[in-house]
Amino acid sequence: RRDNMAFTLYSLIQAAILCVNAVAVLHEERFLSKIGWGVDQSVGGFGDEPGIKVQLMNLVRSVRTVMRVPLIAVNSVCIVLLLLFG
Amino acid sequence: MDLPHHGYRATKQRARAAPPTADSVLFEDTSSATPAMNSQGYYTPGYNMAGPPNDMQGGGGVNNLFTDPMANAAMMYGSSLANQGKDMVNKEISRFMSVNKLKYFFAVDTRYVLKKLMILMFPYTHQDWEVRYHRDTPLTPRQDVNAPDLYIPTMAFITYILLAGMALGIQKRFSPEVLGLCASTALVWIIIEVLVMLLSLYLLTVHSDLSTFDLIAYSGYKYVGMIFTVLCGLLFGSDGYYVALAWSSCALMFFIVRSLKMKILPSLSSDSMGTGSSAKPQLRLYITVATAVFQPIIIYWLTSHLVR
């Protein structure tokens with residue numbers, strides 16, 4: 001019985017790129033506001049404990065803001081490499 | 001840890017001139033000394049502040065190499081280039097991770113390693129799990145047995161890879177690619193676990209002082225249990241494997257829960273929070289328990305294919 005989940009670092013990088021792409025395509029107006037996860041709905045509790053949902057929304061928004069430009073570069077490199085080497 | 005005393009460098013002077021802060025509990029930090037000094041330099045560059053007399057000494061010691069002035073100039077130029085390269089590399093590396101903080105995790109000695117290994121395998125008699133502080137900085141592993149270190153996880157990881165290679169060789173399934181695959185699989189699982197821990201600590205706004213290196217250290221301690229399990233499996237067969245798996249899983253779960261409880265659940269004893277955050281201590285407890293339960297699962301996953 002062979003270990004069938006043999007990871008390599010390359011598969012980790014692939015998974016990371018896919019996850020970050022998935023977070024980056026969540027549009028603010030069209031999607032996140034509709035399900036109540038927009039940035040205008042996160043300013044609520046000013047206590048010391050923001051809560052999980054607010055933290056998640058902040059995380060999504062910061063990932064989208066920070067990774068927008070690097071993702072363009074990384075995706076282009078991935079597309080070129082996959083076209084060349086299959 | 002004493003550096004070798006060459007005749008040129010007065011390392012004793014440098015140790016006395018070092019500020020008596022927390023640096024004194026670590027071993028000598030060569031990166032915080034004056035940048036022109038390198039204690040292992042036989043050939044001193046000309047622009048050094050203690051240059052001229054030592055240059056005479058160096059010239060007198062190996063004068064048969066320096067008779068040719070061109071070779072002399074080339075040697076000094078090359079050593080100055082090497083110094084500049086070293087400074088640049090240090091600067092680049094210290095932008096990503098602070099090397100001083102990494103040195104804290106490797107300041108161990110034999111007594112600490114032995115006690116820590118015993119605690120990892122038999123944590124039920126250890127009384128005091130609190131990490132002691134010294135004027136707001138945590139004590140080095142040399143002085144506090146509860147402090148996490150990175151030496152044991154690194155050595156245990158490498159030993160696990162070698163043991164996996166040996167186990168596969170016993171089963172005649174060995175090839176060099178399998179060794180690399182095993183190593184990268186284990187490394188990826190560590191990265192995944194540390195990322196999940198960081199994510200959950202961020203989402204629940206747990207303001208603990210667990211840095212990334214601390215989490216790497218705590219998730220690397222399971223390799224000690226893994227080595228023990230694989231060894232027992234190799235020596236005593238399948239029964240020995242399951243017995244050792246149960247033993248090291250229980251010990252490791254106890255160790256993780258007791259260690260992380262101190263850091264993640266500080267306010268569990270004082271119930272001063274209102275009903276609004278009554279879910280918080282529960283969620284923090286869930287994180288600790290989930291981390292603990294994850295350890296035996298990953299131990300079984302990573303070692304079962306080594307012991308048939």
Side-chain angles (χ1 to χ4, degrees), chain A residues 1-26 28 32 35-39 41-71 73-74 78 81 85-86, chain B residues 161 164 167-168 171 173-175 177-196 198-207 226 230 238 266-267 272-284 286-287 297-308:
Chain A
R1 183 175 57 102
R2 181 66 201 126
D3 194 8
N4 55 356
M5 279 185 63
F7 285 134
T8 56
L9 280 179
Y10 175 65
S11 63
L12 186 69
I13 295 179
Q14 265 186 327
I17 290 180
L18 285 175
C19 283
V20 177
N21 273 329
V23 171
V25 299
L26 300 173
E28 276 294 341
L32 290 180
I35 64 172
W37 277 32
V39 290
Q41 291 134 352
S42 75
V43 183
F46 275 110
D48 48 349
E49 304 286 337
I52 297 188
K53 189 173 142 193
V54 174
Q55 289 289 99
L56 255 184
M57 280 161 31
N58 279 338
L59 185 65
V60 165
R61 188 163 54 101
S62 16
V63 167
R64 290 190 68 237
T65 315
V66 167
M67 298 299 283
R68 188 164 292 179
V69 172
L71 263 188
V74 170
C78 272
L81 283 180
F85 300 118
Chain B
I161 296 175
L168 287 175
Q171 296 171 13
R173 282 195 292 150
F174 179 78
S175 74
E177 297 93 34
V178 169
L179 206 62
L181 202 61
C182 194
S184 59
T185 306
L187 195 65
V188 163
W189 275 114
I190 286 188
I191 294 177
I192 289 180
E193 182 180 353
V194 169
L195 283 181
V196 167
L198 278 175
L199 185 70
S200 54
L201 283 181
Y202 168 76
L203 283 185
L204 293 179
T205 64
V206 175
H207 299 295
M226 264 198 245
V230 171
S238 176
S267 63
S272 59
M273 297 289 187
T275 56
S277 55
S278 63
K280 289 303 178 311
Q282 278 186 7
L283 285 176
R284 296 185 186 192
Y286 285 158
I287 290 185
I297 297 178
I298 198 65
I299 292 182
Y300 178 72
W301 190 264
L302 283 179
T303 55
S304 66
H305 70 279
L306 297 174
V307 179
R308 277 289 173 79

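Each chain gets a letter, A, B and so on, in the order the sequences are listed, and its residues count up from 1.
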Atom OH of B:Tyr202 with >12 non-hydrogen neighbours under 6.0 angstrom: yes
Side-chain heavy atoms of B:Ile192 within contact of A:Leu12, under 4.5 Å: yes
Student check: side-chain heavy atoms of A:Thr8 and B:Val188 closer than 4.5 Å: no
Chain A contact via B:Leu195 - side chain, backbone, both or neither, heavy atoms under 4.5 Å: neither
